[in-house]
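Written out below as structure tokens is the structure these notes cover.
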Amino acid sequence: MKILVTGGGTGGHIYPALALIKRMKAINDDIEFLYVGTHRGLESTIVPNHSIPFKALKVEGFKRKLDFEGLKYNLKTIGYFIQSIKRSKKIIAEFSPDAVIGTGGYVSAPVCYAAAKKGIPTVIHEQNSVAGITNKFLARYVSAIAICFKDAENQFKGQEEKVVFTGNPRAQEVADIQANDSLKRFGLDPKQLTVLIFGGSRGAAAINNTVIDHCQALVEADYQVLFVTGREHFEALSSKWKDSCGSENDQSKISIVPYIEDLPSVFASVSLVVSRSGATTLAELTALGVPSILIPSPNVTEDHQTKNARSLSEAGAAELIREDELSSSRFIETVNQLMSDVDMRNDMAAKAKQLGVPDASDKIIHLLMTLMNG
Ligand SMILES: CC(=O)N[C@H]1[C@@H](OP(=O)(O)OP(=O)(O)OC[C@H]2O[C@@H](n3ccc(=O)[nH]c3=O)[C@H](O)[C@@H]2O)O[C@H](CO)[C@@H](O)[C@@H]1O
């Protein structure tokens, strides 16, 4: 069997694709995979590192601002799109896949479009509660639309019958991770209560600055703090911390790092997570049943992170704090309140777990098999 996978840009589109491939390989090691991404996206390094055959297309996104420059840019983008459909057709003819799955990002548009037009069973995966522009465009051509939030159900006008709730493959990949001693790697004690604070795969300046603003309270708190700044922010943050809060080396309860490779194994070992509300992070937190404080990024398409976060907060699985509330004392009060109330945390953890989809990959595989068997 041959499966073509496409999707890219940010970690939020790539990690679900890799998790699905991993699960399919575990079930049947003979399946052949080909991943089609872009030269420039994170996928061009991450995917070959996983020993998955990789081909790249040149694709760009559209500019939303339609001034002269924007229009010129968009014309070029249309040109790339037409070229990439031709190249996708060639790749598909050579590889001859039995099915295609697209996990979002611009690159999945030409590949899924070309595959669907050839009559190959094609599934798109929408991680967010608000559908992305690429998936909205592809909806009418593909065979099925796999979603992760019930809210996304009504966003594919006229194509509702193709929508299937599957969840995010990252949920299945991480669901069985148990609490472990991964905190030791950061100089922290795995037996102590710990809050993990991070701002998505690239870090978030607003969250980082809030941590600095409250560093004295965090230093004096009776719990440990693992603070992940994001690679780009680390140097500036470390020196800010030294200037305003003293050396973190003298504070064995606080650890500041740029990035953590196996973050879900840390999720399983902390008492509370404070983070942005990117879709893949939420799939991991709910699969594991981790209580969280979510601070949605206000800078994303159609405010989708607020809608992602509401799915958890309205179910009692998370506290939602808006970015514009960060200047008030709400941040530190909420962290302190939750860190001092184990019953509340346990209740949130149980409610989070109810939202988790620990068999998400299997649901997608079942969908693909059904489509392939006609
Ligand atoms: C700013 C932006 O446009 N963000 C979008 C992007 O987020 P982003 O790429 O941040 O995606 P998510 O929050 O969904 O996922 C982040 C992934 O990175 C991992 N991780 C993060 C930090 C770290 O130190 N180590 C680590 O491994 C997390 O465990 C998770 O697997 O794609 C998501 C999925 O489409 C969207 O919902 C987000 O709105």
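Remember, it's 1-based here, ligands and their atoms both numbered in the order they're listed. Keep in mind that what you see is a predicted model, and the values were worked out from it rather than measured.
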- Message: Parallel, tilted or perpendicular: which one describes the rings of Phe137 and Phe81, with boundaries at 30° and 60°?
- Response: perpendicular
- Task: Decide whether the shortest distance between a heavy atom of Asn308 and an atom of ligand 1 is less than 4.0 Å.
- Result: yes
- Query: Below 3.5 angstrom, do we get any N/O pair linking Gln305 and ligand 1?
  - Reply: yes
- Identify the residue among Val163, Asn168, Asn135 that makes a side-chain contact (heavy atoms from CB on, under 4.5 Å) with Glu126. Asn135
- Asp30 side chain vs Asn28 backbone, donor-acceptor pair below 3.5 Å: no
- Query: Please state which protein non-hydrogen atom is closest to atom 23 (C) of ligand 1 and give its distance, to 0.1 Å?
  - Reply: Tyr259 CE1, 3.3 Å
- Item | Within reach of ligand 1, part of His304 (heavy-atom separation under 4.0 Å) | side chain
- Item | Option among Arg310, Arg330, Lys351, Arg345 that satisfies the salt bridge (charged side-chain N to carboxylate O under 4.0 Å, His left out) test with Glu319 | Arg330
- Message: I'd like to check which ligand 1 atoms, numbered from 1 as shown, lie under 4.0 Å from a non-hydrogen atom of Thr281.
- Response: 12 (P), 13 (O), 14 (O), 15 (O), 16 (C), 30 (C)
- Could you go step by step and tell me if Asp362 and Gln172 meet the side chain to side chain donor-acceptor pair (under 3.5 Å) rule? CA-CA 8 Å; Asp362 289 353; Gln172 181 155 357; 3.2 Å; yes
- Message: Below the 3.5 angstrom mark, is there an N/O of Gly200, backbone or side chain, next to an N/O of ligand 1?
- Response: no
- Task: Mark up the atoms of ligand 1 that fall under 4.0 Å of a heavy atom belonging to Leu263, in ascending order.
- Result: 20 (N), 21 (C), 22 (C), 23 (C), 25 (N), 26 (C), 27 (O), 29 (O)
- Message: I'd like to check which ligand 1 atoms, numbered from 1 as shown, lie under 4.0 Å from a non-hydrogen atom of Thr10.
- Response: 6 (C), 9 (O), 32 (O)
- Flag Thr280 as yes when one of its N or O atoms lies below 3.5 Å from any N or O atom of ligand 1, and as no otherwise. yes
- Look only at the side chain of Thr194 and the backbone of Val270, and say whether a donor-acceptor pair between them is shorter than 3.5 Å. no
- Message: Can a donor-acceptor pair be found, under 3.5 Å and without considering hydrogens, that links the side chain of Asn208 to the backbone of Gly203?
- Response: no
- Before accepting this row, confirm whether a basic side-chain N of the pair Glu302/Lys136 lies closer than 4.0 Å to the acidic partner's carboxylate O. yes
- Query: Can you tell me if NZ on Lys22 sees more than 12 non-hydrogen neighbours from other groups inside 6.0 Å?
  - Reply: no
- Message: Taking distance alone, with N or O pairs closer than 3.5 Å, would you say Val228 contacts ligand 1?
- Response: no
- Query: Between Tyr15 and Pro169, is there a donor-acceptor pair closer than 3.5 Å when you use the side chain of the first and the backbone of the second?
  - Reply: no
- Contact atoms of ligand 1, heavy-atom distance to Glu284 under 4.0 Å: 28 (C), 29 (O), 30 (C), 31 (O)
- Message: Using only atom types and a distance under 3.5 Å, with no angle test, would you say the side chain of Lys253 pairs donor to acceptor with the backbone of Val219?
- Response: yes
- Query: What atoms in ligand 1 come closer than 4.0 Å to a heavy atom of Glu261?
  - Reply: 27 (O)
- The atoms of ligand 1 lying under 4.0 Å from a heavy atom of Val300, numbered in the order shown, are 1 (C), 2 (C), 3 (O), 39 (O)
- Query: Going by distance only, is there an N or O of Asn128 that falls short of 3.5 Å from an N or O of ligand 1?
  - Reply: yes
- Task: Please work out which of the three classes, parallel, tilted or perpendicular, describes the rings of Phe227 and Trp241, given edges at 30° and 60°.
- Result: tilted
- Minimum-distance protein heavy atom relative to atom 25 (N) of ligand 1: Ile260 O, 2.6 Å
- Task: May I ask you to check if ligand 1 and Phe198 share an N or O to N or O distance below 3.5 Å?
- Result: no
- Item | Distance filter under 4.0 Å to Ser201 heavy atoms, resulting ligand 1 atoms | 8 (P), 9 (O), 10 (O), 16 (C), 18 (O), 21 (C), 22 (C)
- Message: Taking only non-hydrogen atoms of Arg276, do any sit less than 4.0 angstrom from ligand 1?
- Response: no
- Message: Using a 6.0 Å cut-off, check whether atom CZ of Arg185 has over 12 heavy atoms from anything other than its own residue.
- Response: yes
- Going by the order shown, which atoms of ligand 1 are within less than 4.0 Å of some heavy atom of Gln127? 35 (O)
- Item | Min heavy-atom dist Ser297 to ligand 1 below 4.0 Å | no
- Query: Any protein heavy atom lying closer than 4.0 Å to atom 7 (O) of ligand 1?
  - Reply: no
